[in-house]
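Everything quoted here is computed from the prediction, not taken from an experiment. Just so we're on the same page: letters track the sequence lines, and every chain starts at 1.
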2 protein chains.
Amino acid sequence: MPSEKAIFNQFIREKKLKHSKQRENIIDVFLNIEKHMTLDELHGEVRRQYPDISFTTVYRTMKLLSESGLCRELHIRGGITRYEHVYGHTHHDHLICTVCGSCIEIIDLDIEKQQESIFVANGFIPSGHNMELYGVCPVCRKDRDIQ
Amino acid sequence: MPSEKAIFNQFIREKKLKHSKQRENIIDVFLNIEKHMTLDELHGEVRRQYPDISFTTVYRTMKLLSESGLCRELHIRGGITRYEHVYGHTHHDHLICTVCGSCIEIIDLDIEKQQESIFVANGFIPSGHNMELYGVCPVCRKDRDIQ
DNA sequence: CTCTATGCAAAACCTTTGCATAGAA
DNA sequence: TTCTATGCAAAGGTTTTGCATAGAG
């Protein structure tokens, strides 16, 4: 299984783009954090380690990473974009607490199968999907004394 | 089964708000279009029939409609907000063509059940969910000669 | 050398808000 | 009268782009 870096380098080569220190650094930072990060948060982390990298470069690098298939843009509740790792991660959905914002990754093969059959039944060629479940998590439920 | 207007009037009363010609008109326009509309598109339609209604009023009215449970904000691909009818419509998910943008409504009870059990298994109190499936529809598939 | 990457600033976009005035109850 | 609703313009927040300069191949 090739490393994420190897995949990105392959992608750069195919697209006839160039290597750069900044891209290397941004990718390192991203790959080392498993959380879903906004561009602002990501830029904050990047700048802590590499103070001279601009927001714009982080923006453009994350676009490239998305294109290369190494990450995915998440749009929870239609709010601002967050990025999540894709490579080496089973496809998963999200269970989100509307009170504290915590996010649990859900892997459900039954739903995946069912989704597949919806595509087939409608003659679609699948390219992706996303599912978010919203509710109140056990902790917030206690805090708020909901049933 | 009370009409949508009746429900909205009830909502207005409970919230101690007031009736207005503009709200009436906006709701009429919205209820007569089954498509998922952006605020801009909706405002365009509204203005065709009622040229003096402002974007802001459409915006605020749609927020009220959402609150009242008559419509729902859709965030497809995290892009701009669209509004869809809720009242009298079974909960459904969306199958979206990434080429032409067409959108098919999907009702799948198996998936609904499975979602319910995910909430229960994680101790969540459900408040809602959404699922979008993306792919290439049969028409675009032919146009592009994909397999 | 030639073409891409970067950083800055500014633009673009959509969504939301403040405020003075109009209108409902 | 006393609220709320409206329209306008302007602010906010995020995402995108133009352009001059730096840097990779």
- request: Measure the shortest side-chain to side-chain distance between A:Y83 and A:H36 over non-hydrogen atoms and say whether it is less than 4.5 angstrom.
  value: no
query: Who pairs with A:D108 by side chain to side chain donor-acceptor pair (under 3.5 Å), at least two apart in sequence or on another chain?
result: B:Q114
- request: Please list, by residue number, the residues of residues 33-50 of chain B whose heavy atoms come closer than 4.0 Å to an atom of DNA chain C; answer none if no residue qualifies.
  value: none
- prompt: So A:F55 and A:Y59, would you call those rings parallel, tilted or perpendicular, with 30° and 60° as cut-offs?
  reply: parallel
- prompt: Can you name the side chain to side chain donor-acceptor pair (under 3.5 Å) partners of B:R72, sequence neighbours left out?
  reply: B:E84
task: Identify the heavy atoms of A:I33 and A:H85 that sit nearest to each other, and give their distance.
output: O-NE2, 2.7 Å
Co-members of the apolar cluster containing B:F119 [side chain, <4.5 Å]: A:L95, A:I104, A:I106, A:I111, A:I118, A:F119, A:F124, A:M131, A:L133, B:L95, B:I104, B:I106, B:I111, B:I118, B:F124, B:M131, B:L133
statement: Contacts satisfying salt bridge (charged side-chain N to carboxylate O under 4.0 Å, His left out) that involve residues 110-121 of chain B (not counting sequence neighbours) are none
- request: Verify whether one side chain among B:Q49 and B:E45 offers a donor that lies under 3.5 Å from an acceptor in the other.
  value: no
message: For the backbone of A:T57 and the side chain of A:T61, can you confirm whether one donor and one acceptor N or O come within less than 3.5 Å of each other?
response: yes
- request: Take the C1' atoms of the five end pairs on each side of the helix from C:dC1-D:dG25 to C:dA25-D:dT1, derive the two axes, and give their angle rounded to 10 degrees.
  value: 30°
message: If the threshold is 4.0 Å, N to carboxylate O, is there a salt bridge linking A:E24 and A:K5?
response: yes
message: Can you list everything that forms a side chain to side chain donor-acceptor pair (under 3.5 Å) with B:R77? Sequence neighbours excluded, please.
response: none
field: Sub-4.0 Å heavy-atom contacts from residues 71-86 of chain A onto DNA chain C, ordered by number
entry: none
field: Separation of C:dC8 P from A:I53 CD1 (nearest whole Å)
entry: 12 Å
query: Cut-off 3.5 Å, side chains only: do A:E132 and A:H94 have a donor facing an acceptor?
result: no
Heteroatom pairs (N/O) under 3.5 angstrom, protein to nucleotides 17-22 of chain D:
none

N/O donor-acceptor pair under 3.5 Å between A:R82 side chain and A:K35 backbone: no
- prompt: What residues, two or more places apart in sequence or in another chain, satisfy side chain to side chain donor-acceptor pair (under 3.5 Å) together with A:E67?
  reply: A:K15
message: For DNA chain D, which residues of residues 4-26 of chain B approach it to below 4.0 angstrom with any heavy atom?
response: B:K16, B:L17, B:K18, B:S20, B:Q22, B:R23
Interatomic distance where NZ belongs to B:K63 and P belongs to C:dC14 [whole Å]: 15 Å
- prompt: In the hydrophobic clustering that connects Ile, Leu, Val, Met, Phe, Trp and Tyr at side-chain heavy-atom distances below 4.5 Å, which members other than A:V120 occupy its cluster, ordered by chain and number?
  reply: none
